[in-house]
2 protein chains.
Amino acid sequence: MPNNQFKKGELYSFITGKASTAIARRLQKKFNMSGLNLTIEQWSVLYHLWKQEGISQQELCNATFRDKPSITRLVDNLEKLNLVKRVASQNDRRINLIYLTRQAQKIQEQTMLMAEETLNEALETVPPEKVEVCKEVLQVVYDNLK
Amino acid sequence: MPNNQFKKGELYSFITGKASTAIARRLQKKFNMSGLNLTIEQWSVLYHLWKQEGISQQELCNATFRDKPSITRLVDNLEKLNLVKRVASQNDRRINLIYLTRQAQKIQEQTMLMAEETLNEALETVPPEKVEVCKEVLQVVYDNLK
DNA sequence: GGCATATAGTTGTTTGTGCAACTAATCAAA
DNA sequence: TTTGATTAGTTGCACAAACAACTATATGCC
């Protein structure tokens with residue numbers, strides 16, 4: 001049993017994602033405090049559209065590790081908030097291409113700063129080389145399981 | 001900006017908890033495959049009751065980092081599944097003490113083995129000393145934000 | 001061309017989460 | 001001892017996730 005090195009409480013934390021839950025809650029509070037009516041999940045979709053808009057819902061599924069119904073509903077809600085628009089693809093009429101509204105473009109910088117701020121608060125007391133190891137381990141975990 | 005060391009994709013992974021999501025999904029699949037009708041969230045409540053039963057819902061809130069309504073509903077569903085029982089406290093009639101049924105005691109070992117197995121799969125290729133650093137960093141993150 | 005299959009997206013259902021508002025019981029202080 | 005504050009738990013609402021079943025479009029093969 002090569003890696004069975006978990007005391008019980010630690011096993012629990014790894015599975016439930018205590019740390020990332022705490023990070024997401026903190027960021028959500030920052031959104032709320034600044035009057036942004038936006039969930040972390042909605043933000044995570046915008047995050048990928050800021051990198052590249054005009055991608056399909058399926059591509060958003062792959063980017064965000066969600067299934068198709070989840071993305072359908074997130075895009076529904078983002079459309080209601082007037083943050084994205086569905087545009088039917090010319091080439092393939094099954095596909096919706098998702099575009100940002102001007103309003104969504106406006107909140108990019110503000111929310112990315114809050115995200116960076118949150119991570120800085122989270123990692124304030126952690127030496128950079130340990131953060132590096134942690135990032136690496138989490139990536140391997142994901143690759144091992146996906 | 002001492003710890004602003006996140007490339008964009010990494011920032012995303014930290015906030016969304018890609019790794020712990022993958023772990024939880026894998027464990028849920030193991031539950032389903034073995035015919036266990038149990039969610040990871042329900043399991044996480046049982047987890048603390050296996051350590052000590054007869055605690056209050058409020059204590060379960062603290063142990064699992066959930067708010068009171070979440071615990072109310074998880075306990076509701078665990079009661080429906082005949083895995084726990086609410087027992088009114090003699091000393092303080094506001095309090096429900098939560099006890100395990102025989103059925104819940106039976107699945108402890110089986111599910112804990114599946115959880116360990118899942119973590120072993122997740123960390124198969126990771127040297128133990130890196131796992132240690134990762135655990136430590138995640139704990140500090142939680143402490144910094146809680 | 002026509003039929004089977006695959007792909008993109010939607011809808012329904014169950015479960016869980018976070019917030020606010022609520023009830024009931026307890027405690028504390030005048 | 002009565003009144004005000006605190007604590008434990010519940011309920012309602014909006015949002016999200018996972019799964020299954022569904023529609024519509026596209027593709028591939030004969």
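Naming convention: chains lettered A, B, ... in sequence-line order (proteins, then strands); numbering from 1 in each chain. None of these values were measured; they are calculated from a predicted model.
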Margin query: Students often get this wrong, so: under 4.0 angstrom with heavy atoms, is B:Arg73 touching a base, only sugar-phosphate, or nothing?
Written below: base
Check: Got a sec, which pairs hit ring-ring contact (aromatic ring centres under 6.0 Å, His included) with one end in residues 80-124 of chain A, sequence neighbours left out?
Finding: none
Notebook entry, point to check: Side chains of B:Asn62 and B:Gln58: donor-acceptor distance under 3.5 Å anywhere?
Noted result: yes
Notebook entry, point to check: Do any of residues 25-36 of chain A sit with a heavy atom less than 4.0 Å from DNA chain D, and if so which?
Noted result: none
Check: For residues 55-74 of chain B, which residue pairs qualify under salt bridge (charged side-chain N to carboxylate O under 4.0 Å, His left out), counting only residues two or more places apart or in two chains?
Finding: none
Margin query: Please say yes or no: joined through hydrophobic side-chain contacts below 4.5 Å, possibly via intermediate residues, are B:Phe14 and A:Met114 part of one cluster?
Written below: yes
Note to self: What range of DNA chain D does chain B touch, first nucleotide to last, counting atoms under 4.0 Å from its heavy atoms?
What the structure shows: D:dT7 to D:dA18
Next item on the list: For B:Asn32 and B:Gln28, test the side chains for any donor-to-acceptor distance below 3.5 angstrom and give the result as yes or no.
Entry: yes
Next item on the list: To the nearest Å, give me how far apart CG (B:Leu38) and P (C:dT15) are.
Entry: 12 Å
Note to self: Output the rounded distance in Å from CD1 (B:Ile71) to C1' (C:dC19).
What the structure shows: 16 Å
Next item on the list: Considering only NZ, NE, NH1 and NH2 on the basic side and carboxylate oxygens on the acidic side, decide whether B:Asp76 and B:Arg86 come within less than 4.0 Å.
Entry: yes
Margin query: How many whole angstroms separate atom CD of B:Gln42 from atom C1' of C:dT15?
Written below: 8 Å
Check: Would you call the rings of A:Trp50 and A:Trp43 parallel, tilted or perpendicular, where under 30° means parallel and over 60° means perpendicular?
Finding: perpendicular
Next item on the list: Taking the side chain as every heavy atom from C-beta outward, state whether B:Thr64 and A:Tyr12 have any atom pair closer than 4.5 Å.
Entry: yes
Item checked: Residue pair A:Glu124, B:Leu145: steps toward the side chain to side chain contact (heavy atoms under 4.5 Å, CB included) verdict -> CA-CA 10 Å; A:Glu124 218 162 28; B:Leu145 296 182; over 6 Å; no
Checklist line | Worked verdict on B:Leu123 versus A:Val137 for side chain to side chain contact (heavy atoms under 4.5 Å, CB included) | finding: CA-CA 8 Å; B:Leu123 296 166; A:Val137 170; 4.1 Å; yes
Notebook entry, point to check: Tell me: CD1 of A:Ile40 to C1' of C:dC19, nearest whole Å?
Noted result: 15 Å
Note to self: According to salt bridge (charged side-chain N to carboxylate O under 4.0 Å, His left out), does anything in residues 27-44 of chain B pair up with another residue at least two apart or in another chain? List the pairs.
What the structure shows: B:Lys30-B:Glu117, B:Lys30-B:Glu121
Margin query: What contact category does B:Asn77 fall into here, base, sugar-phosphate, or nothing, at under 4.0 angstrom with non-hydrogen atoms?
Written below: sugar-phosphate
Notebook entry, point to check: Reckon A:Leu74 touches a base, only the sugar-phosphate, or nothing at all at heavy-atom distances under 4.0 Å?
Noted result: sugar-phosphate
Item checked: Sequence-aligned protein contact record of nucleotides 1-9 of chain C, with B where the base is within under 4.0 Å of a protein heavy atom and S where only the sugar-phosphate is -> -----BBBB
